[in-house]
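Scroll down for the structure; my scribbles are underneath it.
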Amino acid sequence: MQSTKFQKRLFGTNGVRGIVGKDLTPERVLTIGQALGTMRKGCIAVGRDTRTSGETLVKAVKSGLLASGCNVVDCGILPTPALQYLIKEQFDGGAMITASHNPPEYNGVKIIEADGTEMGDEETLKLEQLIFEPSFSPESWKCTGHESNAPYLIRKYIQAIVHQFPDKVGSEISVVVDPGSGPACLTTPQILTDMGCRVLSINGIMDGTFPGRLPEPSSDGLKELAELVVSSGAAFGVAHDGDADRAVFIDEKGRFVEENREFALIAQHICHRKKGTLVTPVSTSLIVEIVVKNEGCTITYTPVGSIYVARTMRSLLENGNEVVFGGEGNGGLIFPDHQFCRDGGMTAAMMVFILASTGKKLSTLLSALPNRSMIKDKISTSCGTQVLEFLKKAYSHDSLDLTDGVKILRKNSWALVRASGTEPIIRIIIDGDTHDHAQVFYNELMDHISKITDR
Ligand code: MG
């Protein structure tokens, strides 16, 4: 699935990212706008997260699009999945100015296709060719595009989520929302309020300096949220990353919910009601496969990256398969009845629905899931490809999955080793039924790897 012929130079699995003024300049973003406007015609939607550099960069991308003859609708500040939803409904493509979970000094550009999915590898390579070997010329004075502003469209996204659930289903539920000063300030509190919930917010005022916590919703950064959940007696807390395509949770006892367990809980609920396949990358914990199979559903694995999950879900559906759910073990979940991209607002709403329909506490639901233990590590090495080839031979008697890197499959555990495409490192994940089993597998793997690296 991943292109082997050409390597992308600028775009990673989640668009272009960089430190503003150093790796990412307005000139570069202008060129991206011109290249996109050359490839895609019609009416293009743009949006941004709350970063301080967003205003400058959104003007640059709009200028490039307008100069190449596209009409532009500026949807203002909104979550990435909100822009993706609006594009799917009524635009010919789009560009989101965001650096997702990266620190405040970063920003980036994510290109969205007319169907609301992120641009795939093949089209991104064409876009990069236009960026690095620009051959476009601006349209004449009679053919430049027209810009309009439509910040009110965000309401359509909010309503689309609310209408997925029974009216006022959350009327018995209190939730604390932590949008992290990002664009979900405009959406998740409103979605949950419209579902009937009592909503409290923390870090609920948009601020591109992120004064309350960093855009990555790590357990360390969510201590204040956890305290507020406990002191207010809320059913749960929910926090988003900087562009709100991910959602992570705090249970009613103030404990951070590991994201694979969150995924498993929601998967269990969906697979209990609807039969089909769930799509996820090879890096997701076995906990998801276990609960999905217990509910009589199947699982399909993809390379790491939400775009591969989304596109696999679509192609399975187009080939007549029933696809019930998808996502990654980082709180980025895809609900195919809603749209084919990760959606943090939808994930928060689904958690309300699960608690309302089961009548159980979040901690009770989580404690019924199987236990798993994950070890993650990364090693600096310039010989990533050799490490992978070596492991393929060393573990040739084990069951291997080569979808992305080398995944060694055993009865109750697996190990995944992947070489980074952009940095001289290899990433290692071990998933075991107990911490001891995961540790033994990790030690064994590291013995092998140390034979050909200097670690
Ligand atoms: Mg994100």
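Values below: every heavy atom of this structure, side chains too, minus hydrogens, waters and symmetry copies. We count ligands from 1, going down the list as the structure has it; atoms in each ligand are counted the same way. Just so you know, residue 1 is the first one in the sequence shown, and it goes up from there.
- For D245, the N, O or S atom closest to the Mg ion (ligand 1) goes by the atom name OD1.
- Nearest N/O/S atom of D241 relative to the Mg ion (ligand 1): this is OD2.
- A donor atom on one side chain and an acceptor atom on the other are not found under 3.5 Å apart for D245 and T80.
- Among the backbone and side-chain atoms of S100, an N, O or S atom lies under 2.8 Å from the Mg ion (ligand 1).
- Per residue D243, closest N, O or S atom to the Mg ion (ligand 1): atom name OD1.
- By the 4.0 Å N-to-carboxylate-O rule, D194 lies close enough to R155 to be salt-bridged with it.
- With respect to K274 and E295, no salt bridge is recorded, no charged nitrogen being found less than 4.0 Å from a carboxylate O.
- Comment: E89 does not engage K156 in a salt bridge, judged by the lack of any side-chain N to carboxylate O separation of less than 4.0 angstrom.
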